[in-house]
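I have placed the structure first, in the form of C-alpha cells, so that the comments after it can refer back to it.
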Amino acid sequence: MSWLASFFLAAGIAASPIQAGPADSVPGSELSVYLLTFDPGDLVWERFGHNAIRIIDHRTGADIAYDYGRFDFGRTWREQVGFVARFAQKDLRYSMGEADGARTLAAYQRLGRSIWSQELDLEPAAKLAMYDFLRWNIRDENRYYDYDYYLDNCSTRLRDVIDRAVDGQLKTWAESLRTDHTYRFHTRRTTENSVATYTALMFGLGQPVDQPLSAWQEMFLPIMLRPYLNQLVVRDAAGVARPLVKEERHLVTTTPYSVAEVPSSWREGYLLAGLIGLAVLVGLGLIGRRRAWARTGFGALATLWSYLAGLGGVVLVSLWAFTAHAVSYRNENVLQLSLLSMALALILPAAVWRQGPRHRVALRLAALVVLLSVAGVVLKILPAFDQANLDLIGFVLPLHLGLLAGLAAVGPRRTV
C-alpha cells in the first residue's frame, strides 16, 4: 500500500467515529468519549494489549487520546541497565500520556495492531468531569505513578476513570461477578508466542497469581475491559437504565499477533523435553564409564543444568525475599530450582573427573535436589500447596533424575 493510500485510510479511520452534531448549550454535550482498545502486539510489553480514552470536543475540534502505562526504557546502555535494575526491584515509575487521537489510530494501524472503538453513553456532566480529570492528571506533577502489571496498569487506570464517571456502578457490578480465570491463566495465553518469556514467567510467578479473579480484577487486561463494558447497563440520575456502550466499531482488523481465548497445554511438551534430557544424561553416564568423550559430555551437560537450576533458585529466592514483586512470593518452584543445584554445579566437574570423595558428595547433593523436587509433587495433597506448576515439574524432575542416575552410572574416574 502506498504512503498516500495509507494516509487516506488513516484519515478515514480517524474521522469515522465522529458522528455528533452541533453541540447544544448543556456543558459536556459537546464531548464524545470513546474507549480505544489496541489488541496485542509482538513485543513482550505489548502482549496484554493497550487502551486509551479518546475525547473529541466538537466545539473546539480538539481530539485527544489519553493513556497510561508509558515508560522510558532508555536510549543508552547505561540507562537500559538502570531500567532493568529498577524493574527487578519493582521500582516502576510509569506515566500517563496524551496524543492526537487521529495520529494515535494511524500509529497503531501501522504497527499492525487490531483496533476497537467503543463510544460511551455518558451524561454530559460525567463526560465533562472525565475530561477535566484527565486534563488535571496529565500535568507533570500528577502524571507519574507506581506501576503494577496486574493491579495498577494502563487498563486498571482507565477502568477506574470510567467507574468514576458512572458513580461506581462498574465496580459494584464487576466485583459481584466471579470468573474461573486467574492472573496466570491470562499471562499464559498472552505470552505463549515466546517459549523463553512464557517459561521464565511461569517459573517466576508464585501462588498469588493462581486465585480466581472477579470481573473487576480481570479488567487489568485491556482486551478484557472492552467486552465487560459491552455488558454493563448503568442508570442515570433519573434512574433510567441504558447500556454504557452506545456503539462499538472494529476500526482495524488484523490477526498477526492474535491471542487465544484459552492457553495451550504445554504439559506434554515440557515432559517430553525433560524425558529427552533424562535419556541423554543417563546415556552419557553409562557410556562415560568407558569413553572419555561421553564422560566429558555428561560432565558439561550436568554442570550446565545444575548451574541454570541453581541460578534460577537464586533468582526465585531473591524475588521472594528482597523485592516488592508480591506475585513472586510463596513460590513453590523454589523446590524445583534449588540453591543446592548451585552447590552441585560447583563440585560436579571435580566429581566426574576425580576420585571417590567428591563423587560421593555430588551424589548426595544430587539426591537431595531430587528429593526436594519430589516433595514439590507430594505436598500438592495439602491445600496450602496449590500453585499451578505441575507442567514445570514435568520438565525439571526428569532432568534432576537423569543427572542423579547419570552421575551414579559414570562413577568416579579410576586411575590404574
Side-chain angles (χ1 to χ4, degrees), residues 14 17 23 27-38 45-46 48-73 83 86-87 90-105 107-108 115-172 174-175 216-217 219-226 228-229 232 234 244-245:
S29 60
E30 73 279 9
L31 303 176
S32 293
V33 178
Y34 305 88
L35 175 70
L36 301 178
T37 301
F38 310 104
W45 56 81
E46 298 174 339
F48 284 3
H50 191 52
N51 46 22
I53 285 180
R54 182 188 190 188
I55 297 183
I56 298 173
D57 187 333
H58 299 280
R59 178 176 298 158
T60 65
D63 177 5
I64 306 295
Y66 298 94
D67 67 341
Y68 293 85
R70 296 194 179 194
F71 64 94
D72 184 3
F73 187 58
F83 178 87
R86 291 191 301 274
F87 190 92
K90 202 175 179 291
D91 178 14
L92 305 176
R93 292 293 288 171
Y94 279 36
S95 70
M96 179 189 181
E98 64 177 343
D100 178 83
R103 291 182 180 179
T104 298
L105 293 175
Y108 276 93
I115 305 173
W116 300 79
S117 175
Q118 293 166 295
E119 182 175 4
L120 304 185
D121 191 6
L122 299 171
E123 296 183 79
K127 290 190 285 188
L128 185 59
M130 179 187 289
Y131 196 22
D132 288 341
F133 171 78
L134 292 171
R135 286 185 293 182
W136 170 85
N137 204 179
I138 198 64
R139 295 175 186 170
D140 286 340
E141 65 269 24
N142 302 325
R143 67 195 308 168
Y144 295 95
Y145 66 99
D146 294 326
Y147 175 85
D148 186 286
Y149 23 77
Y150 293 128
L151 303 179
D152 197 351
N153 65 12
C154 64
S155 189
T156 63
R157 289 251 158 177
L158 294 187
R159 175 201 65 189
D160 294 348
V161 168
I162 294 170
D163 183 57
R164 187 181 297 111
V166 294
D167 295 325
Q169 294 181 74
L170 174 58
K171 184 175 184 179
T172 299
E175 283 189 330
W216 177 255
Q217 294 170 309
M219 285 185 273
F220 86 95
L221 199 62
I223 56 178
M224 292 304 299
L225 177 58
R226 180 185 65 80
Y228 276 123
L229 291 189
L232 181 61
V234 296
L244 175 63
V245 176

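Numbers here are sequence positions counted from 1.
- A perpendicular orientation is assigned to the rings of Tyr149 and Tyr147, their planes being inclined by more than 60° (bins at 30° and 60°).
- With rounding to the nearest 0.5 Å, the separation of OH in Tyr34 from CD1 in Ile53 is 13.5 Å.
- Rounding to the nearest 0.5 Å gives a distance of 9.5 Å between CZ of Arg143 and CG of Asn137.
- The side chain to side chain contact (heavy atoms under 4.5 Å, CB included) test with Arg54 singles out one residue from Asp100, Val33, Asp63, and that residue is Asp63.
- When all heavy atoms are compared, the tightest approach of Leu128 to Gly28 is CB-CA, 4.0 Å.
- Between Phe38 and Pro222, every side-chain heavy-atom pair lies at or beyond the 4.5 Å cut-off.
- Under the ring-ring contact (aromatic ring centres under 6.0 Å, His included) criterion, Phe133 pairs with Trp136, not counting sequence neighbours.
- Counting heavy atoms from C-beta on, the side chains of Leu225 and Thr37 never come closer than 4.5 Å.
- Distance check: Asp67 CG to Ser155 OG gives 12.0 Å after rounding to the nearest 0.5 Å.
- Between Arg159 and Met219 the shortest heavy-atom distance is CD-CB, 4.0 Å.
- Ile162 contributes atom CD1, which lies 7.0 Å from atom CG of Leu244 (distance to the nearest 0.5 angstrom).
- Judged purely by atom type and a 3.5 angstrom limit, Gln118 uses its side chain to pair as donor or acceptor with the backbone of Arg226.
- Heavy atoms only, all atoms of each residue included: Leu31 and Lys127 are closest at O-NZ, 2.8 Å.
- A distance of 12.5 Å separates OH in Tyr150 from CD in Gln217, rounded to the nearest 0.5 Å.
- Annotation: side chain of Asp146 is not in contact with side chain of Asp152 (no heavy-atom distance under 4.5 Å).
- Summarising the geometry, atom OG belonging to Ser32 is positioned 3.0 Å from atom NE2 belonging to His58; distances are rounded to the nearest 0.5 Å.
- Residues meeting the ring-ring contact (aromatic ring centres under 6.0 Å, His included) test with Tyr131, sequence neighbours left out: none.
- Here the closest heavy-atom approach between residue His50 and residue Tyr68 is recorded as CE1-O, 3.1 Å.
- Here the shortest heavy-atom pairing between Val166 and Leu170 reads CG2-N, 3.8 Å.
- Residue pairs meeting the side chain to side chain donor-acceptor pair (under 3.5 Å) criterion with at least one partner in residues 160-172, sequence neighbours excluded, are absent.
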